[in-house]
Amino acid sequence: MTTPGSLVDRHVGFVHALREAGLPVSPAEGLDAAHALMVIDLAERETLREAYAATLVKRPAHRPGFDLLFDLWFPPVTTGAEGTAVAEDAELPELRERLAELLMGDPADPAFREFARAMVGRFGQIQAAPGRQSWFSFPVLRALSPETLVARMLAAMLDERGGLPEKVARRHIARTTEAFTEAVASDVRRRIAEESGVEKIARSAVRPPIDRVDFLRATKEELARLRREVYPLARRLATRLSIRQKRGRRGRLDFRRTVRASLSTGGVPLTTHLRPPRPHRPELVVLCDASDSVSTFSHFTLLLTFALREQFTKVRAFAFVDTVDEITDLFAPGADVLDAIGRLADEADIVRFGRTDYGHVFERFAGRFPDAVGPRTSLLILGDARSNYQVPALGTLKRLAGQARHAYWLNPEPRAQWDTGDSLATSYGSVVPMHECRNVAQLAAFVETLAS
């Protein structure tokens with residue numbers, strides 16, 4: 001499919017692409033954006049970008065994905081209409097000299113992106129398969145090697161090396177080099193979209209917003225960003241569990257108030273008065289699957305466990321693979337969470353044979369830690385419910401859930417994969433309510449359901 005021709009087609013396709021990329025765009029917001037297009041100069045591309053952003057983007061974290069899709073659906077140029085910023089017969093040393101000049105300048109200069117487009121046209125197309133050409137960023141960057149121009153640029157920018165001026169200059173060069181790399185990548189995406197269809201490249205080029213990144217597929221960088229999402233969720237989870245504990249609880253009879261009220265009815269206690277229940281912060285027990293199959297999910301849930309330590313009166317954390325061990329001490333106040341996660345593999349007794357065995361874990365947990373779960377405890381189980389065809393120990397899990405005030409299970413696998421292969425999701429879910437929890441958005445939705 002090719003890029004739609006009319007503005008209406010582009011608008012509809014662009015809004016649909018934003019939704020597919022995980023940006024929450026409602027029909028009303030799509031109409032707001034369409035109305036905005038009626039009052040701006042459509043020839044001003046950056047004005048068009050900002051009109052769309054003002055009506056469709058809700059969070060700063062959504063802006064990078066929005067900008068990438070905008071550049072695909074509303075490209076600055078089309079092939080055949082590029083500028084002629086660089087002579088076709090210019091030698092490579094001349095091109096590198098021109099790049100150094102641009103990197104010392106302002107990346108907002110139109111010549112900056114014109115040069116990037118020209119370089120993609122000159123170096124970016126290579127044979128991807130027999131008889132098939134495609135566009136790539138790396139041959140452009142390899143040919144120009146901007147990282148090898150730093151010494152030359154510093155010599156041109158500074159009278160004397162060292163100190164604060166050099167730091168500032170290096171920071172500027174790093175920023176403009178990154179901008180050039182992104183300009184090259186953007187033009188490569190544009191050219192591929194022209195040849196293969198904008199919808200196809202949009203689906204593969206845009207990473208979802210951080211709150212919709214699948215835990216099981218998160219990169220190391222994304223896990224670091226997810227740390228910022230943990231603490232607000234921990235506070236909300238503690239609040240929701242506390243509300244659920246108070247809801248439905250009735251205090252003891254207030255005998256004095258009841259007798260006093262009965263005087264107005266001839267000593268007949270028609271209305272009873274109760275003492276308000278004594279509020280308390282809830283206690284939490286976390287059972288976390290630390291097997292390789294859910295390693296990134298367990299990484300995130302251990303971050304969550306660390307954050308929950310500040311919100312609950314008492315938190316006990318346990319990790320398991322095919323046996324279970326308490327890891328509460330690793331997450332003591334003041335500990336470095338990443339260091340604690342690193343120590344987990346070396347210090348915790350959680351592996352016998354290395355194959356997840358939920359049944360043995362539940363029986364071992366009940367036997368080794370009989371006092372862990374009580375009537376004031378919320379039990380939170382985090383794992384994919386895949387037990388390598390071992391005995392499930394449903395009776396033991398039922399007993400543990402019955403001892404707890406509340407019990408919940410968060411599963412990082414898509415619901416469509418539950419009960420496939422060695423998954424016991426439905427069996428375990430019949431004992432402990434199981435919720436699909438693949439990303440921060442679903443975790444936040446689970447937290448909100450606790451208030452209903």
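Because the structure is a prediction, the values reported are computed rather than measured. All values below come from the heavy atoms of this structure, side chains included, with hydrogens, waters and symmetry mates left out.
- Considering only heavy atoms from C-beta on, E182 stays 4.5 Å or farther from E178 through its side chain.
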Between L379 and V285, does a side chain to side chain contact (heavy atoms under 4.5 Å, CB included) hold up when you go through it step by step?
CA-CA 5 Å; L379 175 63; V285 166; 3.8 Å; yes

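- In this structure, D41 places its CG atom where more than 12 heavy-atom neighbours from other residues, nucleotides or ligands lie under 6.0 Å away.
- Between E194 and R191 there is no salt bridge, since no side-chain N of the basic residue sits under 4.0 Å from a carboxylate O of the acidic one.
- Contact check for V361 versus F318: no side-chain heavy atoms found under the 4.5 Å cut-off.
- Formation of a donor-acceptor pair under 3.5 Å by the H11 side chain with backbone atoms of G30 is found in this model.
- In this structure, the separation between CG on L284 and CZ on R376 is 13.5 Å, given to the nearest 0.5 Å.
- Looking at R98 and E94, no side-chain N of the basic residue comes within less than 4.0 Å of a carboxylate O on the acidic one, giving no salt bridge.
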Is there a side chain to side chain donor-acceptor pair (under 3.5 Å) between H16 and R19? Walk through the geometry before answering.
CA-CA 5 Å; H16 178 71; R19 292 191 185 115; 5.3 Å; no

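- Nearest heavy atom pair, residue A156 against residue M104, reads CB-SD, 3.8 Å.
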Where do R45 and D71 land on the side chain to side chain contact (heavy atoms under 4.5 Å, CB included) test, with the steps shown first?
CA-CA 10 Å; R45 182 169 176 268; D71 289 338; 2.7 Å; yes

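- Residue V432 comes nearest to A401 through the heavy atom pair CG2-CB, 4.0 Å, listed as atom of the first residue, atom of the second, then distance.
- Proximity of a side-chain donor or acceptor of T296 to a complementary backbone N or O of F215 within less than 3.5 Å is detected.
- Nearest heavy atoms, A100 versus M153: O-SD, 3.7 Å.
- Note that the CE atom of M434 and the OG atom of S427 stand 9.0 Å from one another [nearest 0.5 Å].
- Side-chain contact between I381 and L397 is present, with at least one heavy-atom pair separated by less than 4.5 Å.
- Side chain of Y428 to main chain of S423: no donor-acceptor pair is present (N/O by atom type, distance under 3.5 Å, no hydrogens or angles).
- Of the possible donor and acceptor atoms, none in the side chain of T55 sits under 3.5 Å from a partner among the backbone N and O of D32.
- In E160, the CD atom is not crowded: 12 or fewer heavy atoms of neighbouring residues, nucleotides or ligands sit closer than 6.0 Å.
- At a threshold of 4.0 Å, the pair D346-R343 does not count as salt-bridged, since none of the basic side-chain nitrogens sits closer than that to a carboxylate oxygen.
- Counting only distance, with no hydrogens or angles, the side chain of R212 and the backbone of G22 share a donor-acceptor pair below 3.5 Å.
- No side-chain heavy atom of F74 sits under 4.5 Å from any side-chain heavy atom of R49.
- Aromatic ring centres of F365 and F320: separated by at least 6.0 Å.
- Aromatic ring orientation, F180 versus F115: tilted (interplanar angle from 30° to 60°).
- E50 and R63 are joined by a salt bridge, as a carboxylate oxygen and a charged side-chain nitrogen come within less than 4.0 angstrom of each other.
- No donor-acceptor pair closer than 3.5 Å links the side chain of H406 to the backbone N or O of L380.
- Here the CG atom belonging to L149 is positioned 8.0 Å from the CG atom belonging to L144, to the nearest 0.5 angstrom.
- At a threshold of 4.0 Å, the pair R152-E97 counts as salt-bridged, since one of the basic side-chain nitrogens sits closer than that to a carboxylate oxygen.
- In summary, the side chains of Q417 and T420 do not present any donor paired with an acceptor at a separation below 3.5 Å, with no hydrogens or angles considered.
- Proximity of T377 to R316: side-chain heavy atoms (C-beta onward) are nowhere separated by under 4.5 Å.
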Could you walk me through whether D419 and T426 satisfy the side chain to side chain donor-acceptor pair (under 3.5 Å) test, starting with their C-alpha distance in whole Å, then the side-chain angles of each, then the deciding distance to 0.1 Å, before giving a yes or no?
CA-CA 7 Å; D419 298 326; T426 297; 2.2 Å; yes

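- Taking CG of L103 as the reference point, atom OG1 of T177 lies at 4.5 Å (rounded to 0.5 Å).
- When all heavy atoms are compared, the tightest approach of V120 to W135 is O-CZ3, 3.2 Å.
- One finds the CZ atom of F297 at 5.0 Å from the SG atom of C437 (value rounded to the nearest 0.5 Å).
- Proximity of F70 to L48: side-chain heavy atoms (C-beta onward) are separated by under 4.5 Å at one or more points.
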Checking L141 against T181 for the side chain to side chain contact (heavy atoms under 4.5 Å, CB included) test, could you report, in this order, the C-alpha distance in whole Å, the side-chain angles of both residues, the deciding distance, and whether it holds?
CA-CA 8 Å; L141 301 176; T181 302; 3.9 Å; yes

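- Note: F138 and F123 fail the aromatic proximity criterion, with ring centroids not under 6.0 Å apart.
- The structure places CZ of R161 at 4.5 Å from CG of L154, a figure rounded to the nearest 0.5 Å.
- Taking the six-membered ring for Trp and thresholds of 30 and 60 degrees, F446 and Y408 have ring planes more than 60 degrees apart, a perpendicular arrangement.
- Between H62 and V57, the shortest heavy-atom distance links the atoms CB-CG1, 4.1 Å.
- In this structure, the side chains of I40 and L37 come closer than 4.5 Å at one or more pairs of heavy atoms.
- Contact annotation: the side chain of P76 never approaches that of R113 to less than 4.5 Å [non-hydrogen atoms, C-beta and beyond].
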Any chance you could lay out the side chain to side chain contact (heavy atoms under 4.5 Å, CB included) test for L158 and E166, step after step, and finish with the verdict?
CA-CA 7 Å; L158 302 172; E166 181 172 342; 3.9 Å; yes

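- Put simply, the side chain of D325 never gets that close to the backbone of I350: no donor and acceptor are under 3.5 Å apart.
- Between A21 and L69 the shortest heavy-atom distance is CB-CD1, 3.9 Å.
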